[in-house]
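This report refers to the structure that appears directly beneath it.
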Amino acid sequence: MTVHRPGTPRSPLTALLLAVCSLLTALVAVPASAADTPPRGTAHMGMGVAPHDGVHGTPGPGRAAQTEGVDVSSHQGNVAWTTLWNSGVRWAYTKATEGTYYTNPYFGQQYTGSYTVGMIRGAYHFATPDTTSGAAQANFFVDNGGGWSRDGRTLPGALDIEWNPYGDTCYGKTPGQMVSWIADFLNTYRARTGREAVIYTATSWWTQCTGDYAGFAGAHPLWIARYAATVGTLPAGWSYYTMWQYTSTGPTVGDHNHFNGALDRVVALANG
C-alpha cells in the first residue's frame with residue numbers, strides 16, 4: 001500500500017481524487033432549503049398541503065349532494081378533459097397567473113378545454129404577497145384570464161393564498177399586513193369584475209398567517225384544502241365550505257375537489 005509521507009509529491013491521480021472529493025463536499029454542503037426551492041412560476045394550488053398538514057385519508061364514497069371538480073396548472077400540461085368529464089367531473093379551475101410575473105402557457109387548452117366538454121370553469125391566481133401589492137396582482141389576474149362573465153358557465157376568480165414555496169411561510173408579513181394585502185386583492189377584483197373572489201386556503205396556514213381573521217367570511221366563498229376523510233375545522237368566520245380540495249392524487253390530474261352541493265349550486269355560484 002502506498003503511503004504518502006510529508007514532503008513527497010502527490011501523484012496526479014491522487015490530486016484529482018482529492019479535488020473531486022472537495023467538489024462533492026461543497027455540493028453536499030448547499031443548504032437543502034436553497035436546493036429545494038422551486039423556480040418562480042411553478043407554484044400550484046395545494047402544493048404545500050401534504051408537506052405541512054400531511055395526508056390523512058380521503059372521503060368515503062356516497063357523500064350526498066357533492067359535485068366533483070378538479071384544479072389544474074401548467075404542471076399537468078394538456079389535460080384529457082373528455083376523460084375527466086366521462087368520470088363525472090363537472091367543474092374545473094385553471095391557474096391563470098402568479099404574482100405579476102407569470103402566466104400559464106397551457107391556460108388556453110385547460111380553461112377553454114374544460115368549457116368545451118361541458119364543464120363550468122373558473123380561473124385562479126397564486127398569490128405572492130412578498131413581490132407586489134394585492135391590487136397589482138388582482139389587476140394582472142383579471143388582465144390575463146381571471147375575469148368573469150354571467151354566462152352560467154364561468155365561476156368567479158379564486159385567490160390561492162397558502163404556504164410560500166419560495167421562502168418564508170407567511171411571505172415576510174405580520175398577520176395584520178397579510179389581512180391588508182388580501183383585502184387589497186379582493187377589493188380590486190370586485191371593482192374590476194363585480195364579483196367576490198373565492199378564497200382558497202388551509203386552516204393551519206390561515207391561522208398562522210392571518211391570525212385566523214374572520215372578516216372575509218361574510219362575502220367570500222371558502223375553498224378549503226385538507227387531505228383527509230373529513231374537512232376538519234374551518235377558518236374563523238366560515239360555518240361551511242363551498243369547495244373542498246381533498247386529494248392531490250386523484251385520477252387523471254391529481255387535484256380533485258368536492259363542491260358542497262349539487263350541480264345546480266355550482267351553476268348558482270357561476271351566475272352570482
Side-chain angles (χ1 to χ4, degrees), residues 45-46 48-49 53 65-67 69 71 91 93 96-97 120-129 133-142 146-152 154-163 170-171 173-226 230-246 257-272:
M45 185 173 277
V49 176
D53 279 353
Q66 300 278 345
T67 307
D71 59 90
W91 59 275
Y93 267 87
T97 50
I120 300 170
R121 50 74 191 276
Y124 80 84
H125 174 79
F126 193 96
T128 57
S133 70
Q137 293 192 31
N139 282 317
F140 185 73
F141 177 44
V142 174
W148 175 77
S149 59
R150 193 187 299 275
D151 59 2
T154 303
L155 294 160
L159 173 64
D160 178 0
I161 185 78
E162 59 174 293
W163 296 273
C170 299
Y171 300 86
K173 295 191 177 298
T174 66
Q177 291 170 336
M178 183 62 74
V179 168
S180 295
W181 190 97
I182 294 169
D184 195 26
F185 182 99
L186 298 175
N187 292 338
T188 303
Y189 187 82
R190 183 193 314 113
R192 289 288 308 273
T193 67
R195 291 300 307 269
E196 303 288 359
V198 175
I199 295 176
Y200 169 96
T201 195
T203 300
S204 62
W205 184 91
W206 190 263
T207 300
Q208 178 182 353
C209 296
T210 73
D212 210 15
Y213 180 73
F216 300 128
H220 298 275
L222 174 64
W223 188 350
I224 193 69
R226 188 167 188 259
T230 62
V231 75
T233 302
L234 300 179
W238 281 282
S239 59
Y240 64 92
Y241 66 91
T242 298
M243 291 168 276
W244 170 19
Q245 186 190 60
Y246 65 87
N257 307 265
H258 286 320
F259 191 96
N260 192 9
L263 184 59
D264 66 319
R265 303 316 303 158
V266 185
V267 174
L269 180 60
N271 281 327

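Sorted by first and then second residue, the side chain to side chain donor-acceptor pair (under 3.5 Å) pairs with a member in residues 209-222 read Glu196-His220, Trp206-Thr210; sequence neighbours excluded.
Put simply, CE on Met45 and CG on Asp160 are 4.5 Å apart, with the number rounded to the nearest 0.5 Å. Within the model, atoms CZ of Arg121 and OG1 of Thr154 stand 4.0 Å from one another, a figure rounded to the nearest 0.5 Å. Atom CG of residue Leu269 and atom CG of residue Asn260 lie 12.0 Å apart, to the nearest 0.5 angstrom. Taken from CD1 in Ile224 to CD1 in Ile199, the straight-line distance is 10.5 Å, to the nearest 0.5 Å. Residue Thr242 holds its OG1 atom at 6.0 Å from CZ of Phe259, rounded to the nearest 0.5 Å. Atom CD of residue Glu162 and atom CH2 of residue Trp205 lie 9.0 Å apart, to the nearest 0.5 angstrom.
Annotation: side chain of Trp181 is in contact with side chain of Gln137 (closest heavy-atom distance under 4.5 Å). Side-chain contact between Val142 and Asn139 is absent, with no heavy atoms from C-beta onward closer than 4.5 Å. Thr201 is not listed as a side-chain neighbour of Leu159, based on a closest heavy-atom distance of 4.5 Å or more. Looking at heavy atoms from C-beta onward, Ile161 lies in side-chain contact with Ile182 at the 4.5 angstrom threshold.
Nearest heavy-atom pair, Leu234 versus Val231, reported as atom, atom and distance to 0.1 Å: CD2-CG2, 4.1 Å. Scanning all heavy atoms of the two residues, the minimum distance from Arg226 to Trp244 falls at O-NE1, 2.7 Å. Considering all non-hydrogen atoms of both residues, Asn271 and Gly152 come closest at OD1-CA, 3.1 Å. Heavy atoms only, all atoms of each residue included: Leu155 and Ala270 are closest at CD2-N, 3.9 Å. Here the shortest heavy-atom pairing between Gly146 and Ala123 reads CA-CB, 4.1 Å. Heavy-atom minimum distance, Gly211 versus Pro175: N-CB, 3.7 Å.
Taking the six-membered ring where the residue is Trp, Tyr93 and Trp91 present perpendicular rings, their angle passing 60° and hence far from 30°. Ring orientation note: the planes of Tyr200 and Trp223 are nearly perpendicular, at an angle over 60° on the 30°/60° scale.
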Subject >> Chi angles and distances behind the ring pair (Phe, Tyr, Trp, His ring centres under 6.0 Å) call for Tyr189, His125 >> reply: CA-CA 11 Å; Tyr189 187 82; His125 174 79; 9.9 Å; no
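Looking only at distances, no side-chain donor or acceptor of Asp53 sits under 3.5 Å from a matching main-chain atom of Val49.
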